[in-house]
Amino acid sequence: MSGSPYAPHTPEETEAMLDVVGADSEDDLFDIPDEVAFDGDFGISSKSEASVRASVETTLSRNDDLVEFLGRGHYDHYVPALVSDLSRRSEFLTSYTQYQPEVTQGFLQALFEYQSFVVELTGLPVANCSMYDAATAFAEAARLAGRVRQASGSTILVPEHLHEGKAGVLDNYVEGAGLSVAGYPMDDGAVDVDALSGLVDDDTVMVYAESPTLHGVIEPSLRDVGALAADHDALFCLGSDLLALALLEEPAAVGADVVVGAADVLGMPTSYGMGLGLFATREEFLRQVPGRLVGASEDASGRRAFTLTLQTREQHIRKERATSNICTNQAWVALRTAMHVASLGADGMVDLAEQCVTNARDLAAKLDEVVGVQAPVYDRHHFREFVARTDQPAKAVASKLEADGFAVHVVGDHRLQVCVTETNAGHADALVAAFEEAA
């Protein structure tokens, strides 16, 4: 490592440090099994660029060319070309964390605008400038509730209809925080308020509900959930997404203390992994917020300026006492989301969100006319997606649909989940015809 600008230790300094820790060499500091240790040769034969491209294209050509009616947390909305054109500018792509405000004013302003969009849509006064995804935002909300709780308990109540990925992340986050997770039942796809009221008590730290739910149901009882949480000094955390918030009732108005969810529904194509989590809360919890906050201030000349603020919450300063161990954030994705929201405008956001309701309603009605199919299963209003029941085994129906070029989710022995947006709505009639053959 001698001579490296990133580890400029002289051989003498390295030897002195090894002597202190009782190691003979730097290799002794690592316990790497021989079968995976790098021996200096990757064992990969060299190829020309043309050969590599041909090989990759051959591999990719084996992918099924399916029209996806998939959802459950990953949604495909049309992303305007300007989003990619602007976000790929070098000053955005090469920018890491914006610790130096004197050289990153443009990026910081864009992130401030993103926070402003989230604040306006949630009605809550504080929003951070990104989380990894909806699952980590949800888990961070649970940790925040554990830190600020007025109750003396430790229980997080979650709906039984919860995505397994979110549930797994939550379990990981609360394991060392002295918190526990319990579920509450659903009634016709929405919160069973009577059952929940029997579960919320003084041991409850946070109650979590979603709208739309995992199955696309628009939750009608959010005010009741918020009231139950408030009556027991527990936090009410609402899970939603940036586009749904443009149409649904403002979370602050139904008593939400924290709002989490997916912001990458705008600005990003379906990526099945890479995401962007939104996080908004009340001002009294400002110093407990995870992740980065961009604030507006003035520079020495009195001009408006932007900077990362309240950084003493974060691990690069506060170390083990930080509010969160989130480090590299999703600033570039937040930038794309802000660009997409700005390009749509308020009216465009509402129009697109209304399509998510009408497209789902219309497709469910058409499928319900197919013999052997009941849609939607839940007699509720839906957003983007819904569950359909099939007389035939769901896996068999899904396989036949796949053979006809369509992908849907299997969510039960006789249940499929279908998601429709403006990008696949043009194929809805063809999907119905495929259902008629398959079901």
Side-chain angles (χ1 to χ4, degrees), residues 6 87 91-120 122 124-149 169 172-174 176-177 235 237 242 257-261 263-264 274-338:
Y6 302 105
S87 66
E91 59 265 41
F92 293 134
L93 278 181
T94 59
S95 175
Y96 185 55
T97 301
Q98 295 73 38
Y99 287 128
Q100 294 177 276
E102 65 273 17
V103 295
T104 54
Q105 280 299 294
F107 209 144
L108 285 168
Q109 181 175 353
L111 294 178
F112 185 84
E113 296 298 340
Y114 164 81
Q115 292 176 180
S116 300
F117 292 144
V118 175
V119 165
E120 185 169 353
T122 62
L124 295 171
V126 177
N128 71 11
C129 66
S130 67
M131 302 295 292
Y132 294 134
D133 53 23
T136 50
F138 167 44
E140 291 284 7
R143 293 291 298 266
L144 180 146
R147 293 192 297 271
V148 305
R149 63 179 179 263
V169 172
N172 286 338
Y173 267 65
V174 304
L235 265 62
C237 178
L242 208 59
D257 298 294
V258 184
V259 177
V260 298
D264 57 300
M274 183 178 182
L276 171 66
L278 67 89
F279 193 105
T281 190
R282 300 189 182 280
E283 190 164 0
E284 61 194 277
F285 305 141
L286 173 61
R287 292 189 176 274
Q288 295 296 331
V289 171
R292 300 195 171 100
L293 294 166
V294 177
S297 184
E298 291 184 351
D299 64 13
S301 301
R303 295 173 300 183
R304 194 182 194 205
F306 301 91
T307 186
L308 293 178
T309 188
L310 296 176
Q311 293 188 58
T312 52
R313 300 167 297 106
E314 300 184 61
Q315 68 171 3
H316 65 283
I317 293 177
R318 203 168 177 81
K319 307 303 182 184
E320 74 278 1
R321 292 178 292 126
T323 57
S324 168
N325 67 356
I326 185 173
C327 188
T328 300
N329 65 2
Q330 306 295 88
W332 187 72
V333 187
L335 171 78
R336 290 179 60 97
T337 296

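FYI, the numbering just counts along the sequence from 1.
Proximity of a side-chain donor or acceptor of D264 to a complementary backbone N or O of G275 within less than 3.5 Å is not detected. A donor-acceptor pair under 3.5 Å links the side-chain atoms of T281 to the main chain of D257, judged by distance alone. Within the 3.5 Å criterion, the main-chain N or O of L308 finds no donor-acceptor partner in the side chain of R292. One N or O on the side chain of Q115 and one on the backbone of V294 form a donor-acceptor pair closer than 3.5 Å. Panel note: side chain W332, backbone S87; a donor-acceptor pair is recorded below 3.5 Å.
Looking at every heavy atom in both residues, L111 comes nearest to A334 through CD2-CB, 3.9 Å. Nearest heavy atoms, A280 versus V118: CB-CG1, 3.9 Å. When all heavy atoms of A139 and Y173 are compared, the pair lying nearest together is CB-CG, 3.4 Å. Heavy atoms only, all atoms of each residue included: V260 and C237 are closest at CG2-SG, 3.8 Å. Of all non-hydrogen atoms in Y114 and A263, the two that sit nearest each other are OH-CB, 3.5 Å.
Listed by first and then second residue, the salt bridge (charged side-chain N to carboxylate O under 4.0 Å, His left out) pairs that reach into residues 91-106 are R89-E91, sequence neighbours excluded.
Here the CZ atom belonging to R287 is positioned 5.0 Å from the CG atom belonging to L310, to the nearest 0.5 angstrom. Considering OG of S130 and CG of L293, their distance stands at 10.0 Å, rounded to 0.5 Å. Here E298 contributes atom CD and T307 contributes atom OG1; the two are 13.5 Å apart, rounded to the nearest 0.5 Å.
Within the 4.5 Å cutoff, no side-chain heavy atoms of T323 are placed close to those of L144. Between L335 and F107, some side-chain heavy-atom pair lies under the 4.5 Å cut-off. Between I326 and T136 there is no side-chain heavy-atom pair separated by less than 4.5 Å. Taking 4.5 Å as the limit, every side-chain heavy atom of L276 sits out of range of all side-chain heavy atoms of L242. Between L124 and R282 there is a side-chain heavy-atom pair separated by less than 4.5 Å. Under the 4.5 Å side-chain criterion, counting only non-hydrogen atoms from C-beta, V333 is not in contact with Y132. Taking 4.5 Å as the limit, some side-chain heavy atom of M131 sits within range of a side-chain heavy atom of P290. Contact check for T337 versus F117: no side-chain heavy atoms found under the 4.5 Å cut-off.
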| said: Could you go through V126 and F285, starting from their C-alpha distance and side-chain angles, then the distance that decides it, and tell me whether this counts as side-chain contact (heavy atoms from CB on, under 4.5 Å)? | reply: CA-CA 9 Å; V126 177; F285 305 141; over 6 Å; no
| query | Does the pair V169 and F138 meet the rule for a side-chain contact (heavy atoms from CB on, under 4.5 Å), with working shown? | reply | CA-CA 9 Å; V169 172; F138 167 44; over 6 Å; no
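Counting heavy atoms of neighbouring residues, nucleotides and ligands inside a 6.0 Å radius, atom CD of Q105 exceeds 12 of them.
Below 30°, between 30° and 60°, or above 60°: for F112 and F306 the angle between ring planes is between 30° and 60°, a tilted geometry.
Of the residues listed (R143, E140, R147), the one engaging Q288 in a side-chain hydrogen bond (donor to acceptor under 3.5 Å, both in side chains) is R147, and it is the only one.
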